[in-house]
**Q** 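Let me give you the structure first, and then I'll get to my questions.
This is a predicted model, so every value here is computed, not measured.
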Number of protein chains: 2
Amino acid sequence: MTPRAAAGGPLAPSEPQLSAVDGLAQLSFVVYRMLERRAAEQDLSIIQTRLLGILRDRRPTMNELAKLLVLDKSSTSGLVERAERRGLVTRSPSPTDGRAVLVSLTGDGRSLLAGAAIRFEADAAALLEHLPRTERRVLSRLISRVLVAHAAERGIDLFPTFEID
Amino acid sequence: MTPRAAAGGPLAPSEPQLSAVDGLAQLSFVVYRMLERRAAEQDLSIIQTRLLGILRDRRPTMNELAKLLVLDKSSTSGLVERAERRGLVTRSPSPTDGRAVLVSLTGDGRSLLAGAAIRFEADAAALLEHLPRTERRVLSRLISRVLVAHAAERGIDLFPTFEID
DNA sequence: TATTGTTATACTCTATAACTATA
DNA sequence: TATAGTTATAGAGTATAACAATA
């Protein structure tokens, strides 16, 4: 990676094209920051956004949440506590396990998430529209293939025939 | 973005390919985490790594640093203070402006940065090697074109003929 | 007066360790 | 005893506001 790519700033190599590695790194930063900015517009951090995103179609226990977010359970407690204080999520006792707590999204949480998601999608679409339609499709397919292969390497099937959970 | 893409986890749409937006978001997360992991192996955060990356070929003032990192000057003070305490950077008075401070990389800082960069480059290369060489080149070129167009939109030329600075 | 940088303060995010309550 | 979750504590990272020193 060139120094400037590492800094996330503009590049000035002598070739008229970024190296594959620099391109990947730069693209990652650009997209990550789009997400960060759109989340911030709703006063959400990336981790808060991911929390809400997980809750959009699930109602996990604190423990499951910690695993999904790859966080310590104490970090998850704090994260959920702050989100609950803002009225974005609620905690309720599990009916089947007296120790467990179920976390779910409130209407306010859902609205905030939807706002961020819609704006981010527009950003991502605008970024891709720099390419003509045909090449956009090629890019999309190649990215998909890379991700599928990368996931498969880790024993994850991105497209299981049935929902397994 | 689908709920699962927002969560950064595996996806299960019914089509055998990710949507363009989901692919972009997923790819961004995957690459960002590679960088995060490799930096962490050197006990560096992403922001510390970016700091060192900027210093690899520059010796900016605190003020310039704050602008490059898009951080408040007070945040930059703290960031540099912690890096200096670890012996990764040094602060010295500017010879031309009695108020200014110049920040530069130490040998230790350079080594740490190099270690993270080399490992990250290997990760990125491995990710791309999931595609045959020809398609890898196509992907690389398309990503480059998207980034160049995106930068141009913001008045930035990714490939200026001369170093301007 | 304006600019450069640091410091005080406050909040988010994270982990480790110690704790409570339930299984 | 083991598991689920919270709390205490500590540190990184961030911003705002107040400040000191220099231009």
**Q** In a table with atom names and distances, give each donor-acceptor pair under 3.5 Å that connects a side chain of residues 63-70 of chain A to protein atoms at least two apart or in another chain.
**A**
unit_1, atom_1, unit_2, atom_2, d
Glu64(A), OE1, Thr61(A), N, 2.9

**Q** What does Arg86(B) touch in the nucleic acid at a heavy-atom separation under 4.0 angstrom: a base, only the sugar-phosphate, or nothing?
**A**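 No contact.
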**Q** Please report the distance, rounded to the nearest Å, between CD in Glu81(A) and P in dT12(C).
**A**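 Result: 9 Å.
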**Q** Between the protein and nucleotides 21-23 of chain C, are there any N/O to N/O pairs under 3.5 Å, and if so, what are the atom names and distances?
**A**
unit_1, atom_1, unit_2, atom_2, d
dA23(C), OP1, Gly98(A), N, 2.8
dA23(C), O4', Arg99(A), NE, 3.4

**Q** Should Leu27(B) and Leu24(A) count as side-chain neighbours, where that means a heavy-atom distance under 4.5 Å?
**A**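 When only atoms from C-beta onward are counted, Leu24(A) and Leu27(B) do touch, with a gap below 4.5 Å.
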**Q** Measure CZ/Arg50(A) against C1'/dC13(C) and give the value in whole Å, please.
**A**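 In whole Å, dC13(C) C1' lies 13 Å from Arg50(A) CZ.
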**Q** Is there a donor-acceptor pair closer than 3.5 Å between any side-chain N or O of Ser140(B) and the backbone N or O of Arg136(B)?
**A**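 No, the answer is negative, given that no donor and acceptor are paired below the 3.5 Å cut-off.
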**Q** Base, sugar-phosphate, or nothing for Ser94(A), non-hydrogen atoms under 4.0 angstrom?
**A**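 Here Ser94(A) touches no strand at all.
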**Q** Sort and list the pairs that fulfil side chain to side chain donor-acceptor pair (under 3.5 Å) and have at least one residue in residues 110-119 of chain B, not counting sequence neighbours.
**A**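 Passing the test, one end in residues 110-119 of chain B: Glu41(B)-Arg119(B).
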**Q** Please state how far atom CE in Met62(B) lies from atom P in dA20(D), giving the value in whole angstrom units.
**A**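 Taking CE of Met62(B) and P of dA20(D), I get 19 Å after rounding.
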**Q** Taking the nucleotide of DNA chain C with the closest heavy atom to each, which residue, Lys67(B) or Thr76(A), is nearer the 5' end?
**A**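 Here Lys67(B) is the residue nearer the 5' end.
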**Q** Would you give a per-nucleotide map of nucleotides 9-14 of chain D, 5' to 3', where B means the base has a protein non-hydrogen atom under 4.0 Å away, S means only the sugar-phosphate does, and - means neither?
**A** ---SBS
**Q** Go through the steps to decide whether Asp108(A) and Arg86(A) satisfy the test salt bridge (charged side-chain N to carboxylate O under 4.0 Å, His left out), and finish with yes or no.
**A** CA-CA 9 Å; Asp108(A) 279 5; Arg86(A) 286 179 60 186; over 6 Å; no
**Q** NZ of Lys73(B) versus C1' of dA8(C): gap in Å, rounded?
**A**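 Those two atoms, NZ and C1', are 14 Å apart.
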**Q** Is a side-chain donor or acceptor of Thr76(A) paired with a backbone partner of Asp72(A) at a separation under 3.5 angstrom?
**A**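 A pair under 3.5 Å: yes.
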**Q** Keeping to residues at least two apart or across chains, list the side chain to side chain donor-acceptor pair (under 3.5 Å) pairs with something in residues 92-102 of chain A.
**A**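 Passing the test, one end in residues 92-102 of chain A: Arg59(A)-Ser92(A), Ser94(A)-Thr96(A), Asp97(A)-Arg99(A).
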**Q** Identify every side-chain donor-acceptor pair in residues 143-153 of chain B under 3.5 Å, counting partners at least two apart or on other chains, and give the distances.
**A**
unit_1, atom_1, unit_2, atom_2, d
Ser144(B), OG, Leu18(A), N, 2.9
Arg145(B), NH1, Glu135(A), OE1, 3.4
Arg145(B), NH1, Glu135(A), OE2, 2.8
Arg145(B), NH2, Glu135(A), OE1, 3.2
His150(B), NE2, Arg154(B), NH1, 3.3
His150(B), NE2, Arg154(B), NH2, 3.4
Glu153(B), OE2, His130(A), NE2, 3.1

**Q** Quickly work out the Arg91(B) CZ to dT4(C) C1' distance and round it to whole Å.
**A**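 Rounding to the nearest Å, CZ of Arg91(B) and C1' of dT4(C) are 13 Å apart.
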**Q** Would you call the rings of Tyr32(A) and Phe29(B) parallel, tilted or perpendicular, taking 30° and 60° as the class edges?
**A**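 Judged by the thresholds at 30° and 60°, the geometry between Tyr32(A) and Phe29(B) is perpendicular.
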